[in-house]
Amino acid sequence: MSTSTSPTKSPTASTPLGDVVTLYRAYVAGKLNQLTSQVDQLRSAAVTGNRPVAQQRWLTAQFTWQQVGASYGSFGAYGTAISGLASGLPKGTADPAFVGLHRIELGVFGEENMNRVLSYVNKLAADVAKLRANLDKLDIDPKGMPLRCHETLEDSLRDHLSGNDDYGSGMAYALTAGDLLATRELLTELKPLIPIGIPGHNLYDLSSAALDALQAVLNATKVQGAWPDFRRQTKHQRQPVNASIGATLEVLYQIPFALGRLS
């Protein structure tokens, strides 16, 4: 008599939050495809030494990376290589371990020789390719998915809106807008799992409305359709964004508790 064994299920198989991880992986894969093309375009600008175009293409690539929603080091060494910060490194911005999009930001906005910038762009292209190749192998904890709904915008408040991750571009509001899109995507993926309440007053509706309000406040900072230099904003000018992101986080903080039964 022959015997058979059932295939071992993956840790995320047949669970509601596991399905969210599957959706999220597919979303990230699409963003990494975009990022790959954008880094190629950034390389072209660096090869020709066109600094203004390189600056624009850096922002396009960084904005796409923010939409991945890689909050709190969720992609480990891959994420650090792509968009890590100099803070905490022994030599700061001069440390050899400081690479990726923010190192390129320092170069293209800091008048660094474009040939040197090109070397960082080439490394970035290789690191993005590594993440693409290993995305399906990364251990993404399903229980962490509800947390990402607020962690991504927490990163915005901690890093962008404090100037902590600015290396010369002043694009804090642009990067926050990218984080907002990542948050909105995850909220959409979690929507079927969020408890239903009174229409217009349930947690999904409240969260979506808070994101809409934050998006409107961010868009209002633009000058003739362009993002302003955050470094030149007065405390008074920064206040509406700070207040709106704070109010948004107050709502989003409730999502992990609402979905605690799924953990």
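FYI, the numbering just counts along the sequence from 1. What you see below is based on every heavy atom in this structure, not just the backbone, and it leaves out hydrogens, waters and symmetry mates.
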query: Under 3.5 Å, is there a donor-acceptor pair linking the side chains of T64 and Q34?
result: no
query: Heavy atoms, side chains only, cut-off 4.5 Å: are H150 and P256 in contact?
result: yes
task: Treating Ile, Leu, Val, Met, Phe, Trp and Tyr as nodes and any side-chain heavy-atom pair under 4.5 angstrom as an edge, say whether L190 and Y204 lie in one connected cluster.
output: yes
Same cluster (ILVMFWY, side-chain, under 4.5 Å), L218 and I245: yes
Y24-R148 side chain donor-acceptor pair, cut-off 3.5 Å: yes
N-O pairing of R231 and D229 below 4.0 Å: yes
Shared hydrophobic cluster, F63 / L180 (ILVMFWY, side-chain heavy atoms < 4.5 Å): no
- request: Give the intermediate values and the outcome of side chain to side chain contact (heavy atoms under 4.5 Å, CB included) for residues Y78 and D127.
  value: CA-CA 7 Å; Y78 296 112; D127 288 329; over 6 Å; no
query: V53 versus R57: any side-chain heavy-atom pair under 4.5 Å?
result: yes
task: Give a yes or no on whether L106 and L59 share a hydrophobic cluster (residues Ile, Leu, Val, Met, Phe, Trp, Tyr; joining criterion: side-chain heavy atoms under 4.5 Å apart).
output: no
query: If you measure from CZ on R103 to CG on D95, what distance do you get to the nearest 0.5 Å?
result: 11.0 Å
- line: In terms of heavy-atom contacts, R238 and F230 come closest through NH2-O, 3.0 Å
- prompt: Does L101 share a hydrophobic cluster with L181, counting links as ILVMFWY side-chain heavy atoms below 4.5 Å and allowing steps through other members?
  reply: no
message: Quick check: closest heavy atoms across V251 and S207, and the distance to 0.1 Å?
response: CG1-OG, 3.5 Å
query: Taking atom CD of Q233 and atom OG1 of T221, what is their separation to the nearest 0.5 Å?
result: 6.5 Å
query: Is the shortest heavy-atom distance from the side chain of T152 to the side chain of Q66 under 4.5 Å?
result: no
field: Trace of the side chain to side chain contact (heavy atoms under 4.5 Å, CB included) decision for N202 with L206
entry: CA-CA 6 Å; N202 62 50; L206 292 172; over 6 Å; no
message: More than 12 heavy atoms of other residues, nucleotides or ligands under 6.0 Å from CG of L89: yes or no?
response: yes
- prompt: Atom CD of E112 and atom CZ of R51: how far apart are they, to the nearest 0.5 Å?
  reply: 8.0 Å
- prompt: What are the two closest heavy atoms between N115 and N113, and how far apart are they?
  reply: N-OD1, 2.7 Å
message: Counting C-beta onward and ignoring hydrogens, is there a side-chain heavy-atom pair between L23 and D19 closer than 4.5 Å?
response: no
OG-CG distance between S37 and L32, expressed to the nearest 0.5 angstrom: 12.5 Å
query: Got a donor-acceptor contact below 3.5 angstrom from the Q55 side chain to the V108 backbone?
result: yes
- prompt: Of the non-hydrogen atoms in L193 and L259, which two are nearest, and what is the gap between them?
  reply: O-CD2, 3.0 Å
- prompt: Do you know which two heavy atoms are closest between V68 and A182, and how far apart they sit?
  reply: C-CB, 4.3 Å
- prompt: Could you give the distance from CG (L252) to CG (L186), rounded to the nearest 0.5 Å?
  reply: 9.5 Å
- request: Answer yes or no: is there a donor N or O on one side and an acceptor on the other, between the side chain of R132 and the main chain of T36, under 3.5 Å?
  value: no
- prompt: Do P146 and L17 touch side chain to side chain, with heavy atoms closer than 4.5 Å?
  reply: yes
message: Are the side chains of L153 and S156 in contact, using a 4.5 Å heavy-atom criterion?
response: yes
- prompt: M114 and V117: side chain to side chain contact (heavy atoms under 4.5 Å, CB included), yes or no, with the steps?
  reply: CA-CA 5 Å; M114 291 298 283; V117 171; 4.2 Å; yes
field: Heavy-atom side-chain contact between I140 and M145 under 4.5 Å
entry: yes
field: Pairs where residues 168-178 contributes a residue and the test side chain to side chain donor-acceptor pair (under 3.5 Å) is met, not counting sequence neighbours
entry: E105-S169
task: Look at the aromatic rings of F109 and W58 and report parallel, tilted or perpendicular, splitting at 30° and 60°.
output: perpendicular
- prompt: Is the backbone of R116 close enough, under 3.5 Å, to the side chain of S119 for a donor and an acceptor to pair up by distance?
  reply: yes
- prompt: Side chains of N164 and R158: do they bring a donor and an acceptor to under 3.5 Å?
  reply: no
- line: So the salt bridge (charged side-chain N to carboxylate O under 4.0 Å, His left out) pairs with at least one residue in residues 168-185 (sequence neighbours excluded) are R184-D212
query: Quick one: does T22's side chain have a donor or acceptor within less than 3.5 Å of a partner on G18's backbone?
result: yes
query: So does Q237 have more than 12 non-hydrogen atoms from other groups sitting under 6.0 Å from CD?
result: yes
message: Would you say that L124 contacts V99 through its side chain, given a criterion of any heavy-atom pair below 4.5 Å between the two side chains?
response: no
- prompt: Where is the tightest heavy-atom contact between L175 and H102, given as atom of each residue plus distance?
  reply: CD1-CE1, 4.4 Å
Partners meeting side chain to side chain donor-acceptor pair (under 3.5 Å) with E154 (sequence neighbours left out): Y72, Y253
- request: Look up atom CD1 in I255 and atom CG in L147, then write down how far apart they are to the nearest 0.5 Å.
  value: 10.5 Å
query: Is the ring centre of Y167 less than 6.0 Å from the ring centre of F98?
result: yes
